[in-house]
Amino acid sequence: MAELIVTEEAKERVVLIGIQQRERDGSEESLTELGELLKTAGAEPVGRLLQPREAPDSGTYFGKGKVEELRELLLSLEADAVAADDELSPAQMKNLSEALGVKIMDRTMIILDIFAQHAVTAEGKLQVELAQLHYTQAHLLGMHSSLSRLGGGVGTRGPGEQKLELDRRAIRARISFLRDKLGELKRHREVSRAQREKSGSYIVALVGYTNAGKSTLLNRLTDAGILAENKLFATLDPTTRKLALPGGEEVLVTDTVGFIRKLPHQLIEAFHSTLEEARYADLILHVVDASSPEADTQMAVVYETLRELKALEDHSIIAVYNKTDLPGTETLPKDIHAAASVRISAATGEGIAALKELISAEKKKSRRAFEALFPYAAAGRIQSIRRQGKLLEERYEPEGIYVRAEVPAALYEQLMQEQQSQSN
């Protein structure tokens, strides 16, 4: 019998291009990050080219001379495609494709491709498709010109892979349908959120730059068992798990999608309902990759996105400096928005106990002192205090049950209203 030989599909060889508006403007680091995105998407970065100029050329992104230099670089490296570190206009994509004769991609297309690969839940897939359709609708002409040269590969996968074949009317109809479906899912989420608030659940949201280690931390805290890889956007769909604190109390911890510089506006819009979990959390854990030389820039990107989501107002924040077991983490950038900070390693478990203590301390700050004498007929109401709060004293007296406790603000208001109505 002939031996079956399985060969790995050849990866697309891609040259990275970007604009450098001034020295040390972060363009080099951004281009390096683009290369990591391409690796996550399944391509191979083989070269890079930066052009110093005040703004991209409106027609071809690069100037005429630089386009010729790029063409020669593509030939010498035997590259299949070009990836720009900015979102290209339809004209830029079309003109570059015609001038270079290779597939043209931009940063947005690559991020959308990664999201298409990693979306697992039905809602995640719908959100990705909606973002892809918005992008396709705006870039239909340029994408037809570029992607028709090489067919599949990076930028063409996922729910939106066949949408280039649809006319604009069909795309608009599909967008309308997806918005309706996501609207229904958002309403379900709002009901679930209202139930959590009514139950007095304390919500902790993990936020941070992509690959900062949020999923690894969630696994360490709660044994969630979710995928945690050393890749950008390794996990996409949010996960919520219970966390037991040192005093025996429980909180809910929710992971969120990682942030990244130049996060496509299509994704912010599509994932708004998912990202806003941070907005409604009681406590935000800002997970920072302490080992990254770009940690301060990454922190700024996270807060810029949180500000856009209106998730910075009236929130307690703990800065969680992760990966401090790695070299170069002796000096850390200051998080000016955080009320407290802690050094941890989600991989080794170092600092996790201290983090739990900080969470517990922040939760206590949100509690209100409550004491009352419940008639024996209303003894069942004490169960809600046990579930949602901390029962400090319970004493049986002839008139009823005396209770002293710490309870969440929402439960405190309910109990006080009940006490007032009974006295009336």
Item to check | Heavy-atom donor-acceptor pair, Arg71 side chain to Gly101 backbone, under 3.5 Å | outcome: no

Next on the checklist: Taking Met93's backbone N and O only, do any of them form a donor-acceptor pair with Ser97's side chain (distance below 3.5 Å, no angle check)?
Outcome noted: no

Item to check | Asp80 bridged to Lys103 by N-O distance under 4.0 Å | outcome: no

Item to check | Neighbour count >12 (heavy atoms, 6.0 Å) for atom CD, Glu54 | outcome: no

Checklist entry - Which pairs pass salt bridge (charged side-chain N to carboxylate O under 4.0 Å, His left out) with one or both residues in residues 284-300, sequence neighbours excluded? => result Arg261-Glu294, Asp289-Lys323

Item to check | Check: Thr40 side chain, Glu36 main-chain N or O, donor-acceptor pair, under 3.5 Å | outcome: yes

Next on the checklist: Using side chain to side chain contact (heavy atoms under 4.5 Å, CB included), reason through Arg179 and Leu130 one step at a time and then give a plain yes or no.
Outcome noted: CA-CA 8 Å; Arg179 281 179 170 162; Leu130 179 60; 4.3 Å; yes

Next on the checklist: Could you walk me through whether Val102 and Val82 satisfy the side chain to side chain contact (heavy atoms under 4.5 Å, CB included) test, starting with their C-alpha distance in whole Å, then the side-chain angles of each, then the deciding distance to 0.1 Å, before giving a yes or no?
Outcome noted: CA-CA 7 Å; Val102 298; Val82 167; 4.0 Å; yes

Checklist entry - What heavy-atom pair brings Gly213 and Val287 nearest, and what distance separates the two atoms? => result C-CG1, 4.4 Å

Checklist entry - For Arg13 and Glu78, what are the C-alpha separation, side-chain angles and deciding distance, and is it a salt bridge (charged side-chain N to carboxylate O under 4.0 Å, His left out)? => result CA-CA 8 Å; Arg13 295 170 59 82; Glu78 298 181 346; 5.5 Å; no

Next on the checklist: Could you report the tightest heavy-atom contact between Gln92 and Thr60, atom names first, then the distance?
Outcome noted: CG-N, 4.3 Å

Checklist entry - Can Thr297 and Glu29 be said to form a side chain to side chain donor-acceptor pair (under 3.5 Å), step by step? => result CA-CA 10 Å; Thr297 301; Glu29 292 79 10; over 6 Å; no

Checklist entry - Which pair of heavy atoms, one from Gln51 and one from Gly63, lies closest together, and at what distance? => result OE1-N, 3.0 Å

Item to check | Residues Lys363 and Glu249 bridged, charged N to O under 4.0 Å | outcome: yes

Item to check | Salt-bridge contact Glu129-Arg174 (side-chain N to carboxylate O under 4.0 Å) | outcome: yes

Next on the checklist: Before you tell me yes or no, could you show the steps for Ile344 and Tyr321 under side chain to side chain contact (heavy atoms under 4.5 Å, CB included), namely the whole-Å CA-CA distance, both residues' side-chain angles and the distance that decides it to 0.1 Å?
Outcome noted: CA-CA 6 Å; Ile344 72 158; Tyr321 294 99; over 6 Å; no

Checklist entry - Is the count of non-hydrogen atoms from other residues, nucleotides or ligands lying under 6.0 Å from Gln383 atom CD greater than 12? => result yes

Checklist outcome for this item: For Leu88 and Leu96 the tightest heavy-atom approach is CD1-CD1, 4.4 Å

Next on the checklist: Checking side chain to side chain contact (heavy atoms under 4.5 Å, CB included) between Leu38 and each of Asp113, Ile110, Ile114, which is the one that passes?
Outcome noted: Ile110

Checklist entry - Step by step, would you call Tyr61 with Asn95 a side chain to side chain donor-acceptor pair (under 3.5 Å)? => result CA-CA 9 Å; Tyr61 188 68; Asn95 294 336; over 6 Å; no

Checklist entry - Any Lys/Arg nitrogen of Glu406 or Arg368 sitting under 4.0 Å from an Asp/Glu carboxylate oxygen of the other? => result no

Checklist entry - Does the distance from a Lys or Arg side-chain N to an Asp or Glu carboxylate O, for Lys365 and Glu362, drop under 4.0 Å? => result yes

Checklist entry - Relative to each other, are the rings of Tyr303 and His337 parallel, tilted or perpendicular (30° and 60° limits)? => result tilted

Checklist entry - So which heavy atom on Thr254 is nearest to which on Thr240, and how close? => result OG1-OG1, 2.9 Å

Sequence neighbours left out, cut at 3.5 Å: what donor-acceptor pairs do the side chains of residues 325-332 make with other protein atoms?
residue: Asp325; atom: OD1; partner: Ser345; partner atom: OG; Å: 3.0
residue: Thr329; atom: OG1; partner: Thr324; partner atom: O; Å: 3.1
residue: Thr329; atom: OG1; partner: Leu326; partner atom: O; Å: 3.0

Checklist entry - Is a side-chain N or O of Asp255 found less than 3.5 angstrom from the main chain of Thr239, in a donor-acceptor match? => result no

Checklist entry - Heavy atoms, side chains only, cut-off 4.5 Å: are Phe370 and Leu411 in contact? => result no

Checklist entry - Are the side chain of Thr222 and the backbone N or O of Leu218 linked by a donor-acceptor pair below 3.5 Å? => result yes

Checklist entry - With a 4.0 Å cut-off, would you call Arg220 and Glu350 a salt bridge? => result no

Checklist entry - Please walk me through it: do Glu123 and Lys186 pass salt bridge (charged side-chain N to carboxylate O under 4.0 Å, His left out)? => result CA-CA 9 Å; Glu123 183 176 11; Lys186 181 180 180 181; over 6 Å; no

Checklist entry - How close do Ser30 and Lys262 get, heavy atom to heavy atom, and via which atoms? => result OG-NZ, 3.7 Å

Item to check | Ser27 vs Leu50, side chain to side chain contact (heavy atoms under 4.5 Å, CB included): CA-CA, chis, key distance, verdict | outcome: CA-CA 8 Å; Ser27 53; Leu50 273 173; 4.0 Å; yes

Checklist entry - In chain order, what residues pass the side chain to side chain contact (heavy atoms under 4.5 Å, CB included) check against Glu371, with sequence neighbours excluded? => result Tyr402, Arg404

Checklist entry - More than 12 foreign heavy atoms under 6.0 Å from CD of Glu304: is that the case here? => result no

Item to check | Flag, side chain of Arg53 to backbone of Ile19, donor-acceptor distance under 3.5 Å | outcome: no

Checklist entry - Between OH of Tyr135 and CG of Leu112, what distance do you get to the nearest 0.5 Å? => result 7.5 Å

Item to check | Leu243 vs Val204 side-chain heavy atoms within contact, under 4.5 Å | outcome: no

Next on the checklist: For a 4.5 angstrom cut-off between non-hydrogen side-chain atoms, does Val288 reach Asn322?
Outcome noted: no

